[in-house]
Amino acid sequence: MINALASFFGTILRGIYGFVAGIGAEPAAVSYYAIALIITTLLFRFALLPLNLFQTKNQLKMAKLQPEMQKIQKKYEKDPQLLAQKQSQLYKEAEFNPLSGCLPMLIQFPVLLAFYRIFMFPTKFAFTDPAFYASIQKNFFFIPTLDHPDPTGMIMPIIAAFFTWLSTYIVQKSNNAPSTESSDQMMRTMAIMMPVMIFFFARKMAAGLVLYWIVGSIYTIFQQQVSNKIIEKEKETEA
């Protein structure tokens, strides 16, 4: 499956590169290859828009359930088993699935692995002509080639870690799902551990894969801000 996804996105990357390269003179600071990678990343994220809209509706539904959920939590706080049953009953009556919000993330993980394969074996999954691939520019500002890790070992990893933290923070802050002390602690731990993990991974990974992650994180921030505005507007309309 991962190889099939790598071939699919590799073909798209190659096609976009061909389109961008035909526009005009290649910028000195940002190669056509880097531009094609950014466009490919955004196209994939736009393709997930129906799922993201579903997620926004899910968040709105959770926001509507929140008052009733708080009543249940207060009423059955001393009986965790009965509390879980009442919560499940409320979800069922509202036709709400608390796990459905994880779907976009679950889809993104195999795609991340597919892009990893593309950067590991570019002439297998994207540019099937090794000589042509070797001849094209792959620079991105201070990075001489996106095939290799950031030569500074710090700049791209720090940027990736920062936007990972910011996107995680905004998404968690916007989460309307009911929480407990243990779940809140887990979320706080994840908000710290994820950026740290991404930082160390980004130091070893191809800069192209790190660029893909950064662009995706920035898109997530923008998307969540739009979702928040939609939810707030719906709340104001109902009020």
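In this chain, numbering begins with 1 at the start of the sequence shown.
Taking the side chain as every heavy atom from C-beta outward, Gln85 and Leu82 approach each other to under 4.5 Å. Counting heavy atoms from C-beta outward, Phe8 and Ile12 have side chains that approach closer than 4.5 Å. Contact annotation: the side chain of Ser31 approaches that of Glu26 to within less than 4.5 Å [non-hydrogen atoms, C-beta and beyond]. The shortest distance between side-chain heavy atoms of Leu13 and Tyr33 falls below 4.5 Å.
Other residues, nucleotides and ligands contribute at most 12 non-hydrogen atoms within 6.0 Å of the CZ atom of Phe222. More than 12 non-hydrogen atoms from other residues, nucleotides or ligands lie less than 6.0 angstrom from CE of Met190. Within 6.0 Å of CZ in Phe200 there are 12 or fewer heavy atoms belonging to other residues, nucleotides or ligands.
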Worksheet item: Step by step, would you call Tyr219 with Phe46 a ring-ring contact (aromatic ring centres under 6.0 Å, His included)?
Response: CA-CA 9 Å; Tyr219 178 89; Phe46 281 132; 5.5 Å; yes
Item to complete: Might you work through the side-chain contact (heavy atoms from CB on, under 4.5 Å) test for Asp150 and Val210, ending with a clear yes or no?
Response: CA-CA 9 Å; Asp150 177 355; Val210 181; over 6 Å; no
Item to complete: Report the C-alpha separation of Tyr32 and Ile136 in whole Å, then their side-chain angles, then the decisive distance to 0.1 Å, and conclude whether the side-chain contact (heavy atoms from CB on, under 4.5 Å) test is met.
Response: CA-CA 9 Å; Tyr32 285 145; Ile136 67 175; over 6 Å; no
Worksheet item: Do Tyr17 and Phe127 pass the side-chain contact (heavy atoms from CB on, under 4.5 Å) test, and can you show the C-alpha distance, the side-chain angles, and the key distance before you say yes or no?
Response: CA-CA 10 Å; Tyr17 175 85; Phe127 297 83; 4.0 Å; yes
Item to complete: Go through the steps to decide whether Phe125 and Met120 satisfy the test side-chain contact (heavy atoms from CB on, under 4.5 Å), and finish with yes or no.
Response: CA-CA 9 Å; Phe125 295 110; Met120 286 291 292; over 6 Å; no
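In the hydrophobic cluster analysis, where Ile, Leu, Val, Met, Phe, Trp and Tyr join through side-chain heavy atoms closer than 4.5 angstrom, Leu42 is grouped together with Phe140. Hydrophobic clustering, with ILVMFWY side chains joined whenever heavy atoms are under 4.5 angstrom apart, groups Phe121 together with Tyr116. When the side chains of ILVMFWY residues are joined at heavy-atom separations under 4.5 Å, either directly or via intervening members, Phe199 and Val215 end up in two distinct hydrophobic clusters. In the hydrophobic clustering of this structure, Phe141 groups with Phe163; members are Ile, Leu, Val, Met, Phe, Trp, Tyr whose side-chain heavy atoms approach within less than 4.5 Å, directly or through other members. Cluster annotation: Ile158 is not connected to Ile143 through the hydrophobic network of ILVMFWY side chains, with a link wherever side-chain heavy atoms come within less than 4.5 Å.
Side chain of Thr164 to main chain of Pro195: no donor-acceptor pair is present (N/O by atom type, distance under 3.5 Å, no hydrogens or angles).
A donor-acceptor pair shorter than 3.5 Å cannot be found between the side chains of Ser7 and Arg117.
The ring-ring contact (aromatic ring centres under 6.0 Å, His included) test applied to Phe44 returns Phe9, not counting sequence neighbours. Legend: residues meeting ring-ring contact (aromatic ring centres under 6.0 Å, His included) with Tyr76, ordered by chain and number and at least two apart, are absent.
Rounding to the nearest 0.5 angstrom, the gap separating the CG atom in Leu209 from the CE atom in Met156 is 9.5 Å. Atom CD1 of residue Ile198 and atom CZ of residue Phe162 lie 15.0 Å apart, to the nearest 0.5 angstrom. The CD1 atom of Ile170 sits 9.5 Å away from atom OG1 of Thr220, with the distance rounded to the nearest 0.5 Å. Atom-to-atom distance recorded for Asp79:CG and Lys86:NZ is 10.5 Å, nearest 0.5 angstrom. Taking OG of Ser217 as the start and CD1 of Ile159 as the end, the distance is 11.5 Å to the nearest 0.5 Å. Put simply, CD on Gln137 and CG on Leu146 are 11.0 Å apart, with the number rounded to the nearest 0.5 Å.
Contact between Ile155 and Thr152 at its shortest, heavy atoms only, is N-OG1, 3.2 Å. Taking all atoms of both residues into account, the shortest heavy-atom contact from Gly10 to Ile118 is N-CD1, 3.5 Å. For the pair Ala114 and Leu5, the tightest heavy-atom approach, listed with the atom from each and the gap, is CB-CB, 3.7 Å. Across all their heavy atoms, Ala126 and Arg14 have their closest contact at O-CB, 3.6 Å. When every heavy atom of Asn139 is checked against every heavy atom of Ala28, the shortest pair comes out as ND2-O, 2.9 Å.
Here the rule is side chain to side chain contact (heavy atoms under 4.5 Å, CB included) with Tyr212, and of Leu112, Thr40, Ile38 only Leu112 fits it. Put simply, the residue from Thr128, Asp147, Thr123 that forms a side chain to side chain donor-acceptor pair (under 3.5 Å) with Tyr133 is Asp147.
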